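Below is one structure, written out as structure tokens; comments come after it.
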Amino acid sequence: MKKTTYTAEILKYIPFLYVIWSDELLSPSEISVFKKSIETDSISEAAKTTLKKWINAEESPLDETLVSWKKIIDDSGLKLIESDAYPLTSFSMRLASNSQSTEIYDESLKYIEINLGIQPNHYHHLFDVKIETASSAAFYSAEKIDTLLKGEHAPYVDKFREKLNDPIFDFQIIRNKEEFRNHVLAQVKFLAKDGYGAMAYDNAYGGIGNMPTYASIFENLMYVDGSLTIKFGVQFGLFGGSIQNLGTKKHHDKYLKETGEANLLGCFAMTETRHGSNVRGVKTTATYVKETDSIVIETPGENDNKEYIGNALHAEMATVFAQLIVNGKNEGVHAILTRIRDKDGNLMPGVKVEDNGYKLGLNGVDNGKIWFSNVAVPRENLLNRYGDIDKDGNYTSPIENPNKRFFTMLGTLVGGRICVAKGALSGAKKALSIAVKYALQRRQFNSNEKIQEDLIMDYPTHQLRLIKPIAKSYVYHTVLDKLIKDYANSKEDGRREIETQAAALKASITWFSNQTIQECREACGGKGYLIENKIPHIKGDVDIFTTFEGDNTVLIQLAAKGILTNFKTEFNSDNFMDVLKYVGTQLSDRLTTINPIFTNKTDKEHLFDTEFHKEAFEYRTRRLTFSVASRVQKYIKKGIPSYQAFLKVQTHMVMLGKAYSEELSYNEFLNFVEKIQEEELRFLFKKLGALFALSEINDHAAWYLEHGYISANKSKAIRKQVERICSELRPHVNTLVDGFGIPKSCLKTPIL
């Protein structure tokens, strides 16, 4: 074969040209990136002309040309070094300079490698070269990403993470639940000394009055241990939060400082054995006795006890939710501070507590059952922000409507629901970090004896299973940060929408976290099954997050009802079907969706267009809203009670709630991305957003196909783009998990 020779300025592009033509297809994105690289390169015009000739999609290089490129690569004797930040750029530069090393990366080549996501697994089978070591690119700064995520809370979070390096937080496998619980209690008290538990309280009570910062501390605690996180949340968030949000100044002055310092240990006694999500139906009673000016707490039946109460074995006091009975009238559920132990730890008369025993996870949390038998507490112990009993024994409330009063009371506790979602997400982030770092060093399989086994991170299936949830984690992080901020700044009369958002996101994110942690466990094989490598520990702890602070299936329906309430102006029309038809037509016209051009459009610019993503999410949410409302209306017109009508559309409502959370998450993420000042980081986050959006559309492809929103070809193109984006993000995967900001001490495992 005649040997072909090229100048150095052309030679450096040969490996890239060979890689992109190896699949016999040059995509528009590859042409665009290649052209920009060539045009900005300081090479001669003659070289640019030659190179542009080879990136013409209409005319591929001759077979002889491809063979000559392959021979140049094979005959070079150079090794491709995986540990290089940009392996193909480094190899190409060494090929052009006939050198074994390079110190400075060529910016034009680096631009191609970064923007096309070219990585070793794309060309292992093409290059007859030996692979030596492994790593990933460092084009982006994990520290800058972490700073971006921390936002205004950075000073507090940074200081807190330093605190987590203390030996008291070292990972231990403690099998005995009593020993584990005492260890976690010591950790909680250790943190309380520095004021971390009281952060959401006002300055007078040892805090800084900042709920969002408290939530950031809470989510970082999950990097240490789930039991510590929940024990911390029960003591300061639920018990202390109930005093802060449902009590008045007299309660704050008497209890909040001691609670924040963990000198007064408390629990949050809401759930009952027979009543979990249905708080309004709790059976425990709190009867006002005028003669003694006291409130008597009573458990009416054996199975009406408080159940699964965190801190039950350690607490001195409980916030007890009970039916408040005054002058023979049930005023609905209220919260009453009830002492359950004396200062020496002995149970108070009439109080019975049983240990819930060992659980799937969170065995460092002392969950228990509590019964009350004729337990009297002072009238002043009623947390009276929304309902009070005056000294004459009369009940008063600033909210006359009992239903509104009840939901207003619960609305003040929504912050805890948001924190649960944040904690679950942190569990997923930690599992992803361990799985990714393991995948960047674990090798498996190769048919060519001259090449080392491939990194499992380089397999497309592995990229899909880990990089997709990484992108979703970033999206969910931003929406939860926005939600907790909105909640902290909201007024009581403006919390309805926030409650709907919190319900939808808590359900969606805790489901996502559990699925992700399981995927990470499998991605680490047998090593992922060992508790010492932490993923099983995380898995057991996060499992229950789908249940407490509201069962997910119940919450997602609650969110759907909130969406329907917002739709009520259309829903309450006398001729609902006309409204549906009119609004549906408006929507279709505005989105320009159901037409052959749109449904078949598959070019990359369109698939990456944020407007397409927003429209797809909005179309699904609105269409589901209209259809579920229509079904309910039809049932009601037939004389079926509204409660039964909603039961008939439960699965439909679950789908609506999920669609709503996806749309909400994506839109808030776009708002976040637009505020990123650094262009390179904004580009990266846009790619993460595109992966989130296209993944969700792909996951619901059947629905979109059923409704004619996309064609089969478009569905296929979306699936391919999901795979392609994962491939493009592969060089940055280590940076992305480091961007979560998890302290290294929390990631120490034998597997790494």
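Numbers here are sequence positions counted from 1. Nothing here was measured: the structure is a model prediction, and the numbers come from that model.
Checking side-chain atoms of K534 against main-chain N and O of C746 turns up a donor-acceptor pair under 3.5 Å. No side-chain donor-acceptor contact under 3.5 Å links R719 to the backbone of A701. Panel note: side chain K506, backbone G550; a donor-acceptor pair is recorded below 3.5 Å. Looking only at distances, a side-chain donor or acceptor of S433 sits under 3.5 Å from a matching main-chain atom of K429. When atom types are taken as modelled, the side chain of S711 and the backbone of T599 share a donor-acceptor pair closer than 3.5 angstrom. Side-chain atoms of H477 come within 3.5 Å of backbone N or O of L149 as a donor-acceptor pair. Within the 3.5 Å criterion, the main-chain N or O of M653 finds no donor-acceptor partner in the side chain of K561. Under the 3.5 Å distance criterion, the side-chain polar atoms of T621 are left unmatched by any main-chain donor or acceptor of E618. A donor-acceptor pair under 3.5 Å is formed between the side chain of R682 and the backbone N or O of I676.
The residues E678 and K144 are annotated as salt-bridged, a charged nitrogen and a carboxylate oxygen being separated by less than 4.0 angstrom.
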Could you walk me through whether S473 and F512 satisfy the side chain to side chain contact (heavy atoms under 4.5 Å, CB included) test, starting with their C-alpha distance in whole Å, then the side-chain angles of each, then the deciding distance to 0.1 Å, before giving a yes or no?
CA-CA 9 Å; S473 295; F512 158 78; 3.7 Å; yes
From CA spacing to verdict: side chain to side chain donor-acceptor pair (under 3.5 Å), K604, Q721
CA-CA 8 Å; K604 184 178 179 181; Q721 281 301 332; 5.4 Å; no
Decide ring pair (Phe, Tyr, Trp, His ring centres under 6.0 Å) for F669 and Y476; before the verdict, give the C-alpha distance in whole Å, the side-chain angles of both, and the deciding distance to 0.1 Å.
CA-CA 8 Å; F669 184 74; Y476 287 145; over 10 Å; no
Is there a salt bridge (charged side-chain N to carboxylate O under 4.0 Å, His left out) between K437 and D738 once you walk through the steps?
CA-CA 10 Å; K437 290 180 181 297; D738 282 347; 2.8 Å; yes
Applying side chain to side chain donor-acceptor pair (under 3.5 Å), run through N600 and K714 and close with a yes or a no.
CA-CA 6 Å; N600 286 288; K714 189 167 186 173; over 6 Å; no
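Note on ring orientation: taking the six-membered ring where Trp is involved, the planes of F672 and F685 are tilted (angle from 30° to 60°).
Aromatic pair Y619/F612: ring centres not closer than 6.0 Å.
Heavy-atom contacts from other residues, nucleotides or ligands closer than 6.0 Å to CZ of R465 number more than 12. K485 NZ: 12 or fewer foreign heavy atoms inside a 6.0 Å radius. At most 12 heavy atoms of other shown residues, nucleotides or ligands fall within 6.0 angstrom of atom CD in E497.
Within the 4.5 Å cutoff, side-chain heavy atoms of T553 are placed close to those of Q557. Taking the side chain as every heavy atom from C-beta outward, L664 and F617 never approach each other to under 4.5 Å.
Across all their heavy atoms, T500 and A559 have their closest contact at CG2-O, 3.4 Å. Closest approach of V475 and S665 over heavy atoms only: CG1-O, 3.6 Å. Between A523 and I456, the closest heavy-atom pair is O-CD1, 4.1 Å.
The side chain to side chain contact (heavy atoms under 4.5 Å, CB included) with K422 is formed by just one residue from the set D481, N220, I509, L505; it is D481. Considering E663, E615, E662 as possible partners of R620, the one that fulfils the salt bridge (charged side-chain N to carboxylate O under 4.0 Å, His left out) test is E662.
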